[in-house]
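Bear in mind the structure is a predicted one, so any value in this text is a computation, not a measurement.
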Amino acid sequence: MTKDILISRRAVIASGIALGVSGFAPLARAAAPLKVAGIHASPVENAWNSCLHKALQDAAKDGAIEYVFSEGVSGTDYPRAMREYAEQGNKLIIGEAYAVEKEARQVAADYPDTAFVLGSSGEQAGDNFGVFGTWNHDGAYLAGMLAGKMTKSNVVGSVGAIPIPEVNMLINAFAAGVKAVNPDAKHLVSFIGTFFDPPKAREAGLAQIDAGADILFGERIGTADAAKERGIKSVGSLIDYTPRYPDTVFANAMWYFRPILNAAIADVAAGKPVGRNYTSYGLMKEGGSDIVFVKGVAPAEAEAAMEAKRAEIKAGTFEVPKMMDEPK
């Protein structure tokens, strides 16, 4: 993510013209773009937020929405930001409820004519509070299959943010992929205690390398810096890190927010309640996630086995285990 968009904590991008309908009324045939606000707890250069931000920007470029956003919004300020955007007439608010689960639902209850669709470890509430999970665990499992056949020390590591269910599931899926092809491999896990601290993630990665890991799974941005520094391989998550680390990151567990966003926009435009779980739109079999990898880095037989499992996931004949307990 380029630095020129990091103007301030309350940076704003806008395009299109204001929406001329209220509540969840269906949009007219020649309706203006839907007014959508994004509230990002971390800077939009953070991998997870960048997925949302890019999808929202692309939707704005397509003329589907008018997009404004705030970044670096603290947990104490988050409910206020939700209220401000609702008061400004935004019909759909996209963001994250992880640090404000109870408060976010209360704000939604106070603004029944505004749709809220937030990343959450909890459930939907009422007609206007929808949730989505970041389920790119399919790609993490497949990357683990490659890593399990590549490790020479038989030790791999994962650096995560906070042990919430979704982060746990992703790291556990990577470990399961490793174990599926290399039952004897050891898996190290570290949590940095925050969603965005690249230097801290780097330090955690270096500690795992010192403990014997020769491949790192970077659930958090900054992990690949440790791998690059020590000359080992790494796996990225959410976005494609390979262009940034061409000799280090050989695979990425991708997540694409646009299918979830499209579903939410369609519901608001059709006047349908958004009080549902949109997570499934982000699954690999729905086109919402995948693995991208550099061919030829892993052994050919490892790539072939991974591709076969990938086809099974897309066909719905194999389901990657959803293990949400904190990895040990």
Side-chain angles (χ1 to χ4, degrees), residues 23-24 26-27 33-41 47-60 62 64-65 67 69 78 82 85-86 90-101 104-105 107-109 111-140 164-170 173 195 237-239 253-290 313-314 316 319-320 322 324:
F24 291 108
L27 297 182
L34 189 72
K35 290 184 67 175
V36 180
I39 308 176
H40 304 282
W48 188 88
N49 300 92
S50 75
C51 290
L52 274 65
H53 188 59
K54 183 180 186 305
L56 288 157
Q57 285 184 312
D58 289 346
D62 293 343
I65 66 171
Y67 174 45
F69 75 94
Y78 211 92
M82 292 173 66
Y85 279 128
N90 291 283
K91 296 303 177 182
L92 173 62
I93 294 175
I94 299 291
E96 51 202 284
Y98 300 110
V100 290
E101 294 283 0
R105 286 163 175 76
V107 173
Y111 293 90
D113 293 333
T114 304
F116 298 84
V117 176
L118 308 183
S120 173
S121 296
E123 299 297 327
Q124 63 268 25
D127 287 339
N128 71 323
F129 187 89
V131 297
F132 63 87
T134 314
W135 284 17
N136 59 322
H137 60 298
D138 292 333
I164 61 174
E166 284 182 323
V167 173
N168 295 342
M169 180 175 66
L170 192 60
F195 288 111
S237 179
L238 298 174
I239 62 175
M254 303 293 291
W255 183 61
Y256 309 110
F257 184 66
R258 189 67 186 270
I260 293 175
L261 177 62
N262 286 347
I265 291 173
D267 282 345
V268 176
K272 295 180 180 179
V274 299
R276 63 188 183 101
N277 193 320
Y278 289 86
T279 300
S280 63
Y281 293 96
L283 294 175
M284 182 178 289
K285 64 182 180 180
E286 300 295 337
S289 60
D290 209 337
I313 294 172
K314 289 188 174 184
E319 184 174 345
V320 174
K322 301 179 184 68
M324 298 192 179

Quiz item: Could you walk me through whether Thr134 and Phe257 pass the side chain to side chain contact (heavy atoms under 4.5 Å, CB included) check?
Solution: CA-CA 9 Å; Thr134 314; Phe257 184 66; over 6 Å; no
Charged N-O contact under 4.0 Å between Lys314 and Asp138: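 Between Asp138 and Lys314 there is no salt bridge, as every charged N stays at least 4.0 Å from the carboxylate O atoms.
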Check whether [X] reaches the backbone of [Y] with its side chain - one donor and one acceptor, N or O, closer than 3.5 Å.
X      : Y      : answer
Asp127 : Pro273 : no
Asn128 : Ala108 : yes
Asp267 : Lys272 : no
Tyr281 : Asn262 : no
Asn136 : Ser289 : no

[X] [atom1] to [Y] [atom2] distance, which is reported to the nearest 0.5 Å:
X      : Y      : atom1 : atom2 : value
Leu261 : Asp58  : CG    : CG    : 9.5 Å
Phe132 : Glu166 : CZ    : CD    : 8.5 Å
Asn90  : Lys35  : CG    : NZ    : 5.0 Å
Tyr111 : Tyr85  : OH    : OH    : 14.0 Å
Asn277 : Gln124 : CG    : CD    : 6.0 Å
Tyr256 : Ile239 : OH    : CD1   : 11.5 Å

Can you see which heavy atom on [X] is nearest to which on [Y], and at what distance?
X      : Y      : answer
Met324 : Asn168 : O-ND2, 3.0 Å
Ile93  : Ala86  : CD1-N, 3.8 Å
Ala109 : Pro112 : O-CD, 3.8 Å
Ile260 : Gly133 : CD1-O, 4.4 Å
Ala47  : Ser237 : CB-O, 4.2 Å
Trp255 : Cys51  : O-SG, 3.6 Å

So do [Y] and [X] actually touch side chain to side chain, heavy atoms under 4.5 Å?
X      : Y      : answer
Phe116 : Val274 : no
Phe129 : Leu118 : yes
Asn49  : Phe195 : no
Arg258 : Asp62  : yes
Arg105 : Val131 : yes
Trp135 : Lys322 : yes

Worksheet item: Can you check side chain to side chain contact (heavy atoms under 4.5 Å, CB included) on Lys91 and Ile265, steps first, answer last?
Response: CA-CA 10 Å; Lys91 296 303 177 182; Ile265 291 173; over 6 Å; no
Is it true that Ser120 and Glu101 share a donor-acceptor pair across their side chains at a distance under 3.5 Å?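 There is such a pair between these side chains.
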